[in-house]
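The structure under discussion appears below in the form of structure tokens.
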Amino acid sequence: MRIAFLTGAGMSAESGVPTFRDALTGLWARYDPEQLATEAAFRRDPALCWGWYRWRAALVRRALPHAGHLGIAALANSGHAVSVVTQNVDDLHERAGSTGVIHLHGSLFASRCLDCGHRVSPDPILADLPPGDAGARETPPPCPACGGPFRPGVVWFGEALPEAAWTAAGDVLDRCGLLVVVGTSGLVHPAASLPMRARRRGVRVVEINPVESAVSTFADEHLRMPASAGIQSLLDRLR
Ligand code: APR
């Protein structure tokens with residue numbers, strides 16, 4: 001059976017990566033996305049934005065995949081056809097061993113020039129990462145090709161999703177026999193439309209989330225527990 005996982009920020013919460021909308025702890029409870037996660041915000045104050053994304057990159061670099069990430073990778077290695085579609089910009093699925101992960105909202109580790117799209121290696125977002133203090137202002141490095149500022153490789157509010165990723169995610173959803181939705185509030189479209197799309201095809205949808213979300217109505221089954229425990233219990237059943 002083809003199994004697809006659609007993951008959100010809750011998938012990485014137990015690795016110490018904050019979610020976006022969880023009360024008090026979520027990034028958007030502490031920072032204003034309009035000030036940090038739009039192109040207009042970046043053009044207005046590039047040092048504030050770049051510094052903030054550097055802080056997030058440093059945080060993700062210190063984080064480790066948990067049993068849930070490892071379980072998904074192990075399932076693929078045990079002969080199941082497994083695909084991972086994620087809204088997350090971290091690389092915890094890949095570090096757990098999952099391959100071909102589809103990143104709908106880009107990646108923290110794919111910086112490019114805001115003006116010409118030029119990329120360099122190593123990624124400047126990782127250069128001499130600052131210590132933990134959030135939001136240290138830092139001027140983004142200039143592009144060696146055109147002099148424009150480097151921007152993080154994430155999809156900002158108001159920006160379209162990478163077309164190739166969206167098309168690939170659609171293919172995965174249209175071919176899977178089971179969809180497991182892990183740790184998303186289901187509030188951000190078009191990613192949030194994917195569970196409904198699978199459900200319309202009659203695919204079984206399992207939700208793993210400690211609380212109700214906007215996905216819950218499209219799920220056949222709800223595992224009201226954290227990602228690591230929910231995925232482990234699902235894998236025990238699949239085995
Ligand atoms: N295990 C599973 N789910 C969890 C856990 C956990 N340990 N901790 C929290 N959750 C759930 C929350 O209950 C919530 O429903 O994860 C969800 C996180 O929701 P959001 O913070 O809204 O994150 P997400 O759905 O991924 O956001 C979508 O919004 O801000 C943008 O681009 C950003 O990709 C992001 C998109």
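Keep in mind that what you see is a predicted model, and the values were worked out from it rather than measured. Remember, it's 1-based here, ligands and their atoms both numbered in the order they're listed. Count residues from 1 along the sequence.
- Contact check for Phe5 versus Val172: no side-chain heavy atoms found under the 4.5 Å cut-off.
- For atom 31 (C) of ligand 1, the closest non-hydrogen atom on the protein side is Arg21 NH2, 3.5 Å.
- Counting non-hydrogen atoms of neighbouring residues, nucleotides and ligands closer than 6.0 angstrom, the CZ atom of Arg237 exceeds 12 such neighbours.
- Classification of the His93-His69 ring pair by plane angle, with boundaries at 30° and 60°, yields perpendicular.
- For atom 36 (C) of ligand 1, the closest non-hydrogen atom of the protein is Val188 CG2, 3.7 Å.
- Residue Phe20 places at least one N or O, backbone or side chain, under 3.5 Å from an N or O of ligand 1.
- No hydrogens or angles considered: a donor-acceptor pair under 3.5 Å links the side chains of Ser216 and Arg224.
- Side chains of Met11 and Gln87 form no contact here, defined as non-hydrogen atoms less than 4.5 Å apart.
- With ligand atoms numbered from 1 in the order given, ligand 1 contributes 26 (O) to contacts under 4.0 Å with heavy atoms of Gly8.
- Looking only at protein heavy atoms, the nearest one to atom 9 (C) of ligand 1 is Asp22 OD2, 3.2 Å.
- Remark: minimum distance from atom 32 (O) of ligand 1 to any protein heavy atom is reached at His105 ND1, 3.4 Å.
- Against a heavy-atom cut-off of under 4.0 Å, Phe157 is close to the following atoms of ligand 1: 30 (O), 31 (C).
- Side-chain contact between Arg201 and Leu173 is absent, with no heavy-atom pair separated by less than 4.5 Å.
- Side-chain contact between Asn209 and Val215 is absent, with no heavy atoms from C-beta onward closer than 4.5 Å.
- Proximity to Val211 (heavy-atom distance under 4.0 Å) selects the following atoms of ligand 1: 13 (O).
- Within the 4.5 Å cutoff, the side chain of Asp174 has heavy atoms near those of the Arg197 side chain.
- When Val182, Val155, Thr184 are checked for heavy-atom proximity to atom 24 (P) of ligand 1, Thr184 turns out nearest.
- Not a single heavy atom of Leu187 sits closer than 4.0 Å to an atom of ligand 1.
- At the shortest separation from atom 6 (C) of ligand 1 among protein heavy atoms lies Gly10 O, 3.3 Å.
- Ion pairing between a basic and an acidic side chain is recognised when a charged N comes within 4.0 Å of a carboxylate O; Arg137 and Asp45 show such pairing.
- For ligand 1, the atoms closer than 4.0 angstrom to any heavy atom of Thr19 are 21 (O).
- Around the CZ atom of Arg175, the shell of radius 6.0 Å holds no more than 12 heavy atoms that belong to other residues, nucleotides or ligands.
- Considering both main-chain and side-chain atoms, Ala9 comes within under 3.5 Å of ligand 1 through a nitrogen or oxygen pair.
- For atom 1 (N) of ligand 1, the nearest non-hydrogen atom from the set Gly68, Ser228, Ala227 comes from Ala227.
- When heavy-atom distances to ligand 1 are checked against a 4.0 Å cut-off, Trp156 has no atom that comes that close, whether in backbone or side chain.
- Scanning the protein heavy atoms around atom 18 (C) of ligand 1, the nearest turns out to be Gly183 O, 3.8 Å.
- Shortest contact from atom 7 (N) of ligand 1 to any protein heavy atom: Glu14 OE2, 3.1 Å.
- Salt-bridge check for Asp115 with Arg151: failed, with every basic side-chain N at 4.0 Å or more from each acidic carboxylate O.
- Protein heavy atom at the shortest distance from atom 13 (O) of ligand 1 is Asn209 OD1, 2.9 Å.
- Considering every non-hydrogen atom in both Phe109 and Arg119, the closest pair reads O-NH2, 3.7 Å.
- Proximity of Gln87 to ligand 1, defined as any heavy-atom pair under 4.0 Å, is shared by backbone and side chain alike.
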